[in-house]
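Have a look at the structure below, then the notes.
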Amino acid sequence: ETKPRIPVIWLHGLECTCCSESFIRSGHPLVKDVILSMISLDYDETLMAASGWQAEQSLKETVENYKGKYLLAVEGNPPTKENGMFCIVGGKPFLEHLRWAAKDAKAVIAWGSCASNGCVQAAKPNPTGATPIHKIIQDKPIIRVPGCPPIAEVMTGIITYMVTFDRFPELDSQNRPKMFYSQRIHDKCYRRGHFDAGQFVEQWDDEGAKKGYCLYKVGCRGPTTYNACSTTRWNGGVAFPIQAGHGCIGCSEDGFWDNGPFYSR
Ligand code: SF4
Ligand code: SF4
Ligand code: F3S
């Protein structure tokens, strides 16, 4: 309550905006408490009252007045081919915006698989040269928060940690917060007992599917995917993809669009 709110600039590159869609559904903490009490969201193309020149002014003022103090959150990534012409914001390539805003930032948060790994727009043959943030910005601390999208409470949990302790949470070798990315989906999956017992769904809609058996043989990538879905779950802790009968497609792993077929049956 006594701390000044941290200024945050949230940029959007090549992306689908579902990372923001996830973020606004955070229940613990409520996203309204994050935005109104914990951070000062000075610029965000999707979550700001200002528009047009007023918005651009706010962006400029935050960069000038809070040099070295603001957090740069990035959703999406820059296309790098043809001088970044595949993503133009406010008349300039996003690549330019990103480099300019990162220069005086205290640290960078790469939201989602687009910013962290490249995601679908970087899938082969990656026609626009879409490139994850850490390959463009190399002189700032970067926290990567992969997932397509990341879980809402993972996003707000990271912000809460940073506001509370004034530092990044502990990161792994890929700069992901260990508190959310140190376990595989498989480690805590409620279907794990069926995996261990050799009870598998062999075909979609077979008896095993109806009984909730393990989805490994129909393509589940839970054993190789690091994320918090089977512990934190989604929609306020209600469920996650496997609970809805669909295997994990590894959406938080590098190159998940190119890592073989999503379905093996
Ligand atoms: Fe959308 Fe996924 Fe990219 Fe987030 S990571 S902006 S959900 S495509
Ligand atoms: Fe592991 Fe997937 Fe089977 Fe769950 S459904 S136990 S994550 S292989
Ligand atoms: Fe993504 Fe797998 Fe979780 S597909 S949402 S990491 S269960």
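Bear in mind the structure is a predicted one, so any value in this text is a computation, not a measurement. Scope of the values below: all heavy atoms of this structure, side chains included, with no hydrogens, waters or symmetry mates. All ligand and atom numbering here is 1-based and tracks the order in the structure.
- No more than 12 heavy atoms of other residues, nucleotides or ligands lie within 6.0 Å of CD in Q54, so this atom counts as exposed by the packing criterion.
- The hydrophobic cluster containing W111 also contains L171, counting ILVMFWY residues as joined when their side-chain heavy atoms lie under 4.5 angstrom apart, directly or transitively.
- Protein heavy atom in closest approach to atom 6 (S) of ligand 3: N227 ND2, 3.5 Å.
- Looking only at distances, no side-chain donor or acceptor of D196 sits under 3.5 Å from a matching main-chain atom of G193.
- No side-chain donor-acceptor contact under 3.5 Å links H194 and Y216.
- Using modelled atom types and a 3.5 Å distance limit, the side chains of E253 and T224 yield no donor-acceptor pair.
- Atoms of ligand 3 found under 4.0 Å from any heavy atom of T225, numbered from 1 in the order shown, are 6 (S).
- The nearest non-hydrogen atom to atom 2 (Fe) of ligand 3, considering only P149, C248, G247, comes from C248.
- Looking only at heavy atoms of the protein, atom 2 (Fe) of ligand 1 is closest to C148 SG, 2.3 Å.
- Atom NZ of K81 sits in a crowded spot, with more than 12 heavy atoms from other residues, nucleotides or ligands closer than 6.0 Å.
- R191 places no side-chain N or O within donor-acceptor distance of the main-chain N or O of L215, the cut-off being under 3.5 Å.
- Among the candidates C148, P132, P149, C19, the single residue satisfying the side chain to side chain contact (heavy atoms under 4.5 Å, CB included) test with S113 is C148.
- Put simply, no part of F256 is less than 4.0 Å from ligand 3, judged by heavy atoms.
- The aromatic rings of H246 and W204 sit tilted relative to each other, their planes meeting at an angle between 30° and 60°.
- Smallest separation of non-hydrogen atoms from V89 and E45: CG1-OE2, 3.7 Å.
- With ligand atoms numbered from 1 in the order given, ligand 3 contributes 4 (S) to contacts under 4.0 Å with heavy atoms of G250.
- Near P241, meaning under 4.0 Å from any of its heavy atoms, are these atoms of ligand 3: 5 (S), 7 (S).
- For a distance bound of 2.8 Å, the N, O or S atoms of C248 include none lying that close to atom 2 (Fe) of ligand 2.
- Distances below 4.0 Å separate heavy atoms of C220 from the following atoms of ligand 2: 2 (Fe), 5 (S), 7 (S), 8 (S).
- Note: Y161 and F165 have tilted aromatic rings, judged against thresholds of 30 and 60 degrees for the angle between ring planes.
- Heavy atoms of C251 found under 4.0 angstrom from ligand 3 belong to the backbone as well as the side chain.
- The heavy atom nearest to atom 3 (Fe) of ligand 1, out of those in C16, C114, C19, G147, is found in C114.
- Within the structure, ligand 3 lacks G147 among the residues with a heavy atom less than 4.0 angstrom away.
- Using a 4.0 Å cut-off to heavy atoms of I249, the atoms of ligand 3 that qualify are 4 (S).
- If you run side chain to side chain contact (heavy atoms under 4.5 Å, CB included) between P146 and each of N117, T225, V154, only N117 comes through.
- Comparing C189, S230, G222, C214 against atom 8 (S) of ligand 2, the shortest heavy-atom distance belongs to C214.
- Counting backbone and side-chain atoms alike, C229 contributes no N/O/S atom closer than 2.8 Å to atom 2 (Fe) of ligand 3.
- Contact annotation: H186 places an N, O or S atom under 2.8 Å from atom 1 (Fe) of ligand 2.
- Residue-ligand proximity, R191 to ligand 2, at heavy-atom distances under 4.0 Å covers atoms 6 (S).
- Here the protein heavy atom with the shortest distance to atom 5 (S) of ligand 1 is S113 N, 3.2 Å.
- Distances below 4.0 Å separate heavy atoms of E15 from the following atoms of ligand 1: 6 (S).
- For ligand 2 and R192, the ligand atoms under 4.0 Å from any heavy atom of the residue are 6 (S).
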